[in-house]
Amino acid sequence: MSLKNGGGSGISEALALPGRMKQMATSDLRINEVIGTNTSGAEKASLIGFPSDKGVRINGGRTGAAKAPEQIFNRLMQLTLHPQHNELHTVLLRHVSHPHMLHCTGNVAADQQNLGMTVAESLKNGSVPVIMGGGHETAFGHYLGYSETNKPVHILNIDAHTDVRPLKEGRPHSGSPFMQAIEDQSGCCRSYTVMGLQPSSVARDHLSYVNENGKAVLADDLKMKTVQDYFSDLRSNSDSDPVMLTMDMDAVDQSQAPGVSAPNASGIDSGFWLEIAFYCGRQGNVASFDLCEVNPAFDRDDQTIRLAALTVWYFLLGLALR
Ligand SMILES: [Mn+2]
């Protein structure tokens with residue numbers, strides 16, 4: 001049988017001829033085999049774990065989020081690279097550092113400072129910090145990376161809650177990070193925008209406070225265009241300050257994200273959530289990312305851990321396609 005001319009379909013021949021089988025043996029690379037394998041070039045993103053849920057406890061929530069970063073990273077490592085964007089995805093991941101798990105002491109303010117120093121280090125090196133929380137107290141530590149380096153920053157939060165509560169007995173917590181950033185003496189927080197709010201979980205005064213310092217978008221009003229407009233508005237204002245993206249898993253509907261600190265019976269769809277992560281990953285001004293409030297203690301068959309790992313996967317794919 002001629003393989004060159006008129007020999008029928010290649011696939012049927014390959015199946016029929018044992019000698020061709022070797023060509024079917026394909027590589028089945030997973031992220032753990034690719035990540036960080038190029039140590040010569042500059043690092044493009046740094047994976048950082050922040051296993052803290054003390055802020056959730058102080059805020060009166062259910063703890064367990066401290067267990068999330070390790071599980072999310074483990075799940076991420078088992079995923080493949082995108083088959084259609086394989087080369088770009090591979091190139092990026094070869095320049096992403098292995099997950100670095102920070103030690104959290106339970107002193108939230110001190111732990112946030114420590115995270116801030118780590119984030120600042122990455123930002124100085126031009127690497128995109130990708131942080132796995134932890135409760136949403138993670139986001140203020142994340143922000144401190146900017147104030148530490150004196151970089152003005154816009155904060156974009158995807159969340160069911162505004163998280164602009166006051167401190168509790170002087171202590172920061174999972175409900176206060178964006179009040180802390182807005183009020184921070186360094187003045188590095190240029191704006192705070194939160195999208196995905198549940199009207200049954202937002203105090204009127206908190207909504208006004210957010211709108212004075214940025215913008216609040218309820219989940220019912222949130223479309224992909226809302227996210228696109230956020231970035232095109234920055235561009236049309238020739239605003240070149242970086243954006244820090246923070247995503248609270250409790251923005252997603254409880255049916256698709258049961259393993260969170262505060263479940264949401266009317267949240268956004270997980271596909272839309274992933275699209276936001278991918279879109280933001282593609283934006284050149286998104287300089288850092290955190291994902292918070294995944295709580296494995298309340299998960300169901302790792303459903304939320306899987307969604308969290310996919311969220312990071314899509315963000316990194318976006319980064320690869322910039
Ligand atoms: Mn939150």
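Whatever order the structure lists them in is the order used to number ligands and atoms, beginning at 1.
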Of all N, O or S atoms in H136, the one closest to the Mn ion (ligand 1) is ND1
Would you say S176's side chain and P172's backbone share a donor-acceptor pair under 3.5 angstrom?
-> no
Here the vertex angle at the Mn ion (ligand 1) for OD2 of D159 and OD2 of D248, given to 10°, is 100°
Between R306 and Q303, is there a side-chain donor-acceptor contact under 3.5 Å, judged purely by atom types and distance? no
- Query: Would you say H161 has an N, O or S atom lying under 2.8 Å from the Mn ion (ligand 1)?
  - Reply: no
L29 with L317, same ILVMFWY side-chain cluster at under 4.5 Å: yes
- prompt: Looking just at side-chain N and O atoms, do H136 and N59 make a donor-acceptor pair shorter than 3.5 Å?
  reply: no
Restricting D163 to its N/O/S atoms, the closest one to the Mn ion (ligand 1) is OD2
Query raised in the report: In terms of side-chain heavy atoms, does D184 have a donor or acceptor partner in S186 at a distance below 3.5 Å?
Result: yes
(message) At a threshold of 2.8 Å, where the distance has to be below it, does the Mn ion (ligand 1) have an N, O or S atom of E293 nearby?
(response) no
